[in-house]
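Here's the structure we're looking at; comments come further down.
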Amino acid sequence: MNRISLAFRCFFNLLFGGELSADTLAALKLTKRGAAPAPTKAGAAPGKAPAAAAAVNVSDGALQFLGILQRDSRLVDFLMEDIAGYSDDQVGAAVRELHGQCRDSIARYVTLQPVIDGVEGTFAKAPSNDANLVKFVGNVPAKPPSGGTLRHKGWRAAKVELPALTAKQDPTIIAPAEIEIE
């Protein structure tokens, strides 16, 4: 049934928009090739997109994931609260539960792998193909060496599978306000 729904979404996206929407592409696990910015209408204010076109920002995924962490573990509530008045034992107890909930959320949507799969504290050879993979720390010479003592393995996202955002969802809403009706 999910494939039928996805087929209809693709059909109507192409019929009315001429291209697949970002959430449809995400559901199909596809990305746009050479996506160019949408042309602006003549007379439109520079730097402003037309109001009718709902553009997907790069930050939408980050905001969506922050919303997931809030929903699953109340992470934003914890970070925004002033904890100065609480004892270390109270903070520690709260963090222990928060840690497990956040870890489960990350594991559900992101597959993480170490950048260098080695034992911390031992010698590791630096990958030579990408300077972004390793940050040399300590007494670094002008020309970085081929390796050194591994202090942190680093993390890379091997796979990210966030649920598709609906057209009605505002990604800037991390958590909606809650009003209790009595």
* Asked: Which heavy atom in Gly61 sits nearest to a heavy atom in Leu162, and how many Å separate them?
  -> O-CD1, 3.7 Å
* Taking side chain as C-beta onward, heavy atoms only, is Val76 less than 4.5 Å from Leu69? -> no
* From CG (Leu150) to OG1 (Thr122), nearest 0.5 Å -> 6.0 Å
* Give the other cluster members for Ile181, using side-chain heavy-atom distances under 4.5 Å between Ile, Leu, Val, Met, Phe, Trp and Tyr residues; answer none if it is isolated. => Ile179
* Structure fact -> On a heavy-atom basis, the closest approach of Phe136 and Ala126 is CZ-CB, 3.8 Å
* Asked: In Å, rounded to the nearest 0.5 Å, how long is the span from NZ of Lys125 to CD1 of Ile116?
  -> 11.0 Å
* Asked: With sequence neighbours left out, what residues match Pro141 under side chain to side chain contact (heavy atoms under 4.5 Å, CB included)?
  -> Pro145
* Asked: Please, which pairs that meet side-chain hydrogen bond (donor to acceptor under 3.5 Å, both in side chains) have at least one residue in residues 63-75, sequence neighbours excluded?
  -> Gln70-Asp77, Arg71-Tyr109, Asp72-Ser105, Asp72-Arg108, Arg74-Asp77
* Which ILVMFWY residues can you reach from Val137 by hopping between side chains whose heavy atoms are under 4.5 Å apart? -> none
* Asked: According to a 4.5 Å side-chain heavy-atom criterion applied to Ile, Leu, Val, Met, Phe, Trp and Tyr, with indirect links allowed, do Ile68 and Leu75 form part of one hydrophobic cluster?
  -> yes
* To do: Could you pull out all residues at least two apart from Gln90 that satisfy side chain to side chain contact (heavy atoms under 4.5 Å, CB included)?
  => Tyr86, Ser87
* Please list all pairs passing the side-chain hydrogen bond (donor to acceptor under 3.5 Å, both in side chains) test where one or both residues lie in residues 134-158, with sequence neighbours left out. => none
* To do: Provide the closest heavy-atom pair for Ala94 versus Phe78 in the form atom of the first, atom of the second, distance.
  => CB-CE1, 4.3 Å
* What residues form a side-chain hydrogen bond (donor to acceptor under 3.5 Å, both in side chains) with Gln113, not counting sequence neighbours? -> none
* Asked: Quick one: side chain to side chain contact (heavy atoms under 4.5 Å, CB included) partners of Val110, sequence neighbours excluded?
  -> Phe65, Ile106, Leu112, Ala157, Val160
* To do: Could you note down all residue pairs passing side-chain hydrogen bond (donor to acceptor under 3.5 Å, both in side chains) where residues 171-182 supplies at least one of them, sequence neighbours left out?
  => Asp170-Thr172
* To do: Report the residues that fulfil side chain to side chain contact (heavy atoms under 4.5 Å, CB included) with Glu97, sequence neighbours left out, ordered by chain and then residue number.
  => Gln101
* Which residues pass the side-chain hydrogen bond (donor to acceptor under 3.5 Å, both in side chains) test with Lys168, sequence neighbours left out? -> none
* Find the distance between CD (Gln169) and CG (Asp60) and round it off to the nearest 0.5 Å. => 10.0 Å
